[in-house]
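If you're wondering where the values come from, they're calculated on a predicted model, not measured in any experiment.
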Amino acid sequence: PETAKRWTEQHVSASVDRRMASLIKKLVDLEMANRVGERPVPILVDFTPDAHALWKEWYNFHAKRQMQVDDLQKAAYAKLEGYCARFALLFHLVRHVRQETGEEIDLESMQIAIGVAEWFIHETARVYMILLADAEDQDLISLAEWVHRHGGETTATALHRRGPKK
């Protein structure tokens, strides 16, 4: 059964706070490429061959998936495609300043990015399903959510006594 969260006065430990501040400082201090005049120029960050292969595989899979959804979802999915690449760069840079990876986006950063993008895609589909559902579908969604919150299974008796009410 689901329990309600409760407020806590606990704070982030001083150690975690220091490590986070150090990480952010290292990210801010990353050098840009040669400056043209006074404007910084971004650095091109490439993929390792295995990360590039995974990116291409996911990109093609995602493109096919986009063809199977309605126009509203296509727009959201198109944005999430770009976010996946940005996530990969973000995870790479964090790992890079922590000296966990080299100059190129590696397989691990790409796998993490795809995992996060897939979560967002799943949530996007779930939200669109709820927003576009008719009254009967809303009842089924409510029932499925209730069963999920109660351990993923139920009996007819439990459903009748404690299930979602119309």
*For residues 79-92, which residue pairs qualify under side-chain hydrogen bond (donor to acceptor under 3.5 Å, both in side chains), counting only residues two or more places apart or in two chains?*
none
*Is it true that atom CE of M129 has more than 12 heavy atoms of other residues, nucleotides or ligands lying nearer than 6.0 Å?*
yes
*For T101, enumerate each residue passing the side chain to side chain donor-acceptor pair (under 3.5 Å) test, keeping only those at least two apart in sequence or located in another chain.*
D106
*Please check if V69 and L72 belong to a single hydrophobic cluster, counting links between Ile, Leu, Val, Met, Phe, Trp and Tyr side chain heavy atoms closer than 4.5 Å.*
no
*Other hydrophobic cluster members with W7, side-chain heavy atoms of Ile/Leu/Val/Met/Phe/Trp/Tyr under 4.5 Å, chained?*
none
_Partners meeting ring-ring contact (aromatic ring centres under 6.0 Å, His included) with F61 (sequence neighbours left out)_ = none
*Say whether V28 and F91 are linked into one hydrophobic cluster, either directly or through other cluster members, by side-chain heavy-atom distances under 4.5 angstrom.*
yes
*With D46 via salt bridge (Lys or Arg N to Asp or Glu O under 4.0 Å) - residues at least two apart*: none
_Looking at Q68, I want to see if its CD is surrounded by more than 12 non-hydrogen atoms of other residues, nucleotides or ligands under 6.0 Å._
yes
*Residues two or more places apart in sequence or in another chain: which of them pass ring-ring contact (aromatic ring centres under 6.0 Å, His included) with F120?*
F87
*asked:* In this structure, would L93 and I43 fall into the same cluster of hydrophobic residues linked by side-chain contacts under 4.5 Å?
replied: no
*Please list, chain by chain and in numerical order, all residues satisfying salt bridge (Lys or Arg N to Asp or Glu O under 4.0 Å) with R19, sequence neighbours excluded.*
none
*What pairs of residues pass the salt bridge (Lys or Arg N to Asp or Glu O under 4.0 Å) test when at least one of them lies in residues 52-70, not counting sequence neighbours?*
R65-E118
_Close side-chain approach of C84 and W55, heavy atoms under 4.5 Å_ = yes
*In chain order, what residues pass the ring-ring contact (aromatic ring centres under 6.0 Å, His included) check against Y77, with sequence neighbours excluded?*
H62
_Please give the remaining members of the hydrophobic cluster of L131, linking ILVMFWY side chains under 4.5 Å, ordered by chain and number._
V127
*Which pair of heavy atoms, one from V12 and one from D17, lies closest together, and at what distance?*
CG1-N, 3.9 Å
*Give me the other members of the hydrophobic cluster that V147 sits in, counting Ile, Leu, Val, Met, Phe, Trp and Tyr linked by side-chain heavy atoms under 4.5 Å, directly or via other members.*
L143, W146, L159
_If the condition is side chain to side chain donor-acceptor pair (under 3.5 Å), which residues does D50 pass it with, not counting sequence neighbours?_
T48
*asked:* Between H11 and E9 (side chain of the first, backbone of the second, donor and acceptor by atom type, cut-off under 3.5 Å), is there such a pair?
replied: yes
